[in-house]
Amino acid sequence: MTNTTVEPDEATRLRNKVVDELCADGNISSPEVEAVMRKVPRHAFIPDTSLDRAYETYAAVITKTDEHGVQLSSVSAPQIQAMMLEQAQLEPGMRVLEVGSGGLNAAYLAELVGPSGEVITVDIDSSVTDRASRLLEENGYGKVRVVTADAAEPLPIGEVDVVMVTAGAWDIAPAWIAQLKHGGRLVVPLRMCGLTRSIAFTQVTGERGPYLESESARICGFVPMQGSTAHREELLLVNGTPEIGLKFDDGLPADPHRLDNAVTFPRHELWTGVVIGLSELIDTLQMAMAIGLPGFCTMAVDDDLDTGLVAPVNKRFSLAAVDDDTFAYLVTRRTEDNKHIEYGVHALGPNAKQLAGKVADMLRDWETNRRGGPSPVIRVYPADTPDDQIPADRVIDKVHSRISLSWPPA
């Protein structure tokens, strides 16, 4: 399908190196995805980027920012694209709707569905779709249909087999579900309690009608969605200054001012004895905190204003929790052999010792019962679904949907 001129040998070498790495780490598992990622010239869809930068296996390339430096559009890292293509399970002849355009991913999709299939790629930003149209045409993928629209609204394109969302979503737009054929698949980077997972959903029919159920969920990061489903985290400034900010994805605590005096209390520090390997994935640990701690949030510290009231390992992102007038966050330290990491808890407030103990107990429960096990099952129900119709360890209410998180039976 590609009719570009002969590529530089270096581009081919780098592309094959990326694919070799993704096959080795398990992000590519099918010969079909391997073949298209070896074939499509990634660098041709990022023409203003050096070859080395274009072919970084685990790094995205930002293509548009606003006047404040906020990222608006990007070409996802090869690792993320491979992961989502595998989750989509595309076959020749399928119709695919891509939400969030750029050109490169649409080219991969076009290769996977073949001449008998169809790809429609949609973006709310006309500068993005203009760029995608030009690059797709230049590289031999003129059959891809490029549309400028808010894809959270219904589109007159008929039903599709797969909806693939390539922008970070806080909610599931009803239009995406309505666009799917019966039994269709939705692949979407969904944000839950500030944690983003690329989730492959399939439609399931229940007593009250269809809902979505996850088949897989993988850690990822994405430029956030624009348009009618855009959503911003709410920031709680501890001590009334930007030094310490607690970010809540689904609403602030009922009385956030209860935290006003938390930092006037001595910091309580507790080491848990929970130890992990340096490269061990902690996706289930993050989800265990989000499910088990009602006040779960993330914490960031302003470098310029930092006075040492808190001491996170990562000032930009730390897992945290609030309980009434007290907050806590996770820390880590290297073990003596320098081959592992131990988790600890810091807490500030009148009930620091109790909250630190509660978080530590949750970590130990994860170590005993969840570590190395499956991720929670994620289900999406309509917003008016009553509680008794939703099996869940936690329900997160959005505007258009109710997201349930349930640990599978041990």
message = Determine whether a donor-acceptor pair (N or O, by modelled atom type, separation under 3.5 Å) exists between the side chain of S404 and the backbone of A392.
response = no

message = As an exercise, state the distance from CD of Q79 to CG of N27, rounded to the nearest 0.5 Å.
response = 4.5 Å

query = Charged N to carboxylate O below 4.0 Å: is that the case for K398 and D250?
reply = yes

ask   = Would you say the side-chain atoms of Q286 and R197 include a donor-acceptor pair closer than 3.5 Å?
value = yes

task = Please answer whether the main-chain N or O of T57 pairs with a side-chain N or O of E21 as donor and acceptor at a distance below 3.5 Å.
result = no

inquiry  = Whether the side chain of D365 engages the backbone of D361 through a donor-acceptor N/O pair (distance < 3.5 Å, no angle test) should be reported.
reply    = no

key: salt_bridge(D283, R218) N-O dist < 4.0 Å   = no

ask   = Is any side-chain heavy atom of F327 less than 4.5 Å from a side-chain heavy atom of L236?
value = no

ask   = Are R38 and D20 close enough for a salt bridge, meaning some N to O gap below 4.0 Å?
value = yes

Side chain to side chain, S318 and V301, heavy atoms closer than 4.5 Å = no

ask   = So do the side chains of M299 and V238 get within less than 4.5 Å of each other, counting heavy atoms only?
value = no

inquiry  = Quick one, Q203 and I177 - any side-chain contact, counting heavy atoms below 4.5 Å?
reply    = yes

task = Begin from the C-alpha positions of Y141 and V119 and carry the test side-chain contact (heavy atoms from CB on, under 4.5 Å) through to its verdict.
result = CA-CA 10 Å; Y141 297 93; V119 176; over 6 Å; no

key: Within-4.5 Å side-chain heavy-atom neighbours: R364 and V274   = yes

key: Approximate separation, where rounding is to 0.5 Å, of I244 CD1 and L237 CG   = 10.0 Å

request  = Begin with the C-alpha distance, continue with both residues' side-chain angles, and end with the deciding distance and a verdict on side-chain contact (heavy atoms from CB on, under 4.5 Å) for I120 and R95.
outcome  = CA-CA 8 Å; I120 305 105; R95 299 188 77 232; 3.7 Å; yes

request  = Using modelled atom types only, decide if a donor and an acceptor are shared between the side chain of R370 and the backbone of A288 within a distance under 3.5 Å.
outcome  = no

inquiry  = Restricting to non-hydrogen atoms, name the atom on D337 and the atom on H340 that form the minimum distance, rounded to 0.1 Å.
reply    = OD2-ND1, 3.3 Å

message = Rounded at 0.5 Å granularity, tell me how far CG in L270 sits from NZ in K358.
response = 15.0 Å

task = Kindly compute the distance separating CZ (R131) from OG (S126), expressed to the nearest 0.5 Å.
result = 13.5 Å

inquiry  = Restricting to non-hydrogen atoms, name the atom on S401 and the atom on I172 that form the minimum distance, rounded to 0.1 Å.
reply    = OG-N, 4.0 Å

key: Any donor-acceptor pair under 3.5 Å from D171 side chain to A173 backbone   = no

query = Sub-3.5 Å donor-acceptor pair from the side chain of T272 to the main-chain atoms of Y343, do we have one?
reply = yes

inquiry  = Can you list everything that forms a side-chain hydrogen bond (donor to acceptor under 3.5 Å, both in side chains) with W366? Sequence neighbours excluded, please.
reply    = T284

ask   = D125 and S127: side chain to side chain donor-acceptor pair (under 3.5 Å), yes or no, with the steps?
value = CA-CA 5 Å; D125 188 334; S127 68; 2.7 Å; yes

request  = Calculate, to the nearest 0.5 Å, the distance between atoms OG1 and CD1 belonging to T148 and I124 respectively.
outcome  = 10.0 Å

query = Distance from R379 atom CZ to E213 atom CD, nearest 0.5 Å?
reply = 4.5 Å

ask   = Do you know which of V313, L348, V345 makes side-chain contact (heavy atoms from CB on, under 4.5 Å) with Y329?
value = L348

inquiry  = Between T166 and V99 (side chain of the first, backbone of the second, donor and acceptor by atom type, cut-off under 3.5 Å), is there such a pair?
reply    = yes

request  = Could you give me the CA-CA distance, side-chain angles and deciding distance for I291 and F296, then say whether side-chain contact (heavy atoms from CB on, under 4.5 Å) is met?
outcome  = CA-CA 8 Å; I291 291 171; F296 177 78; over 6 Å; no

ask   = Is there side-chain contact between I390 and Y211, with at least one heavy-atom pair below 4.5 Å?
value = no

key: Heavy-atom pair with the smallest gap, counting every atom of D249 and W170   = O-NE1, 3.1 Å

inquiry  = Tell me the closest heavy-atom pair linking A356 and H268, and the distance in Å.
reply    = CB-CD2, 3.6 Å

query = Going by the angle between their ring planes, with limits at 30° and 60°, are W271 and H346 parallel, tilted or perpendicular?
reply = perpendicular

key: Any side-chain heavy-atom pair of I276 and R371 under 4.5 Å   = yes

inquiry  = Show the nearest heavy-atom pair for residues R42 and Q81, with the distance to one decimal.
reply    = NH1-OE1, 2.9 Å

request  = Compute whether any side-chain donor of one residue and acceptor of the other, for D325 and N351, lie under 3.5 angstrom apart.
outcome  = yes

key: Residues K181 and E159 bridged, charged N to O under 4.0 Å   = no

task = Starting from the C-alpha separation in whole Å, work towards a yes-or-no answer on side-chain contact (heavy atoms from CB on, under 4.5 Å) for D323 and Q354.
result = CA-CA 10 Å; D323 189 355; Q354 293 92 321; over 6 Å; no

key: Check: E243 side chain, T307 main-chain N or O, donor-acceptor pair, under 3.5 Å   = yes

key: Main-chain N/O of H43 paired to Y55 side chain as donor or acceptor, under 3.5 Å   = yes

Minimum heavy-atom distance M287-W407, with the two atoms named = C-CZ2, 4.2 Å

query = Do E86 and M83 come close enough that some side-chain heavy atom pair is under 4.5 Å?
reply = no

message = With a 4.0 Å cut-off on N to O distance, would you call E10 and R13 a salt bridge?
response = yes

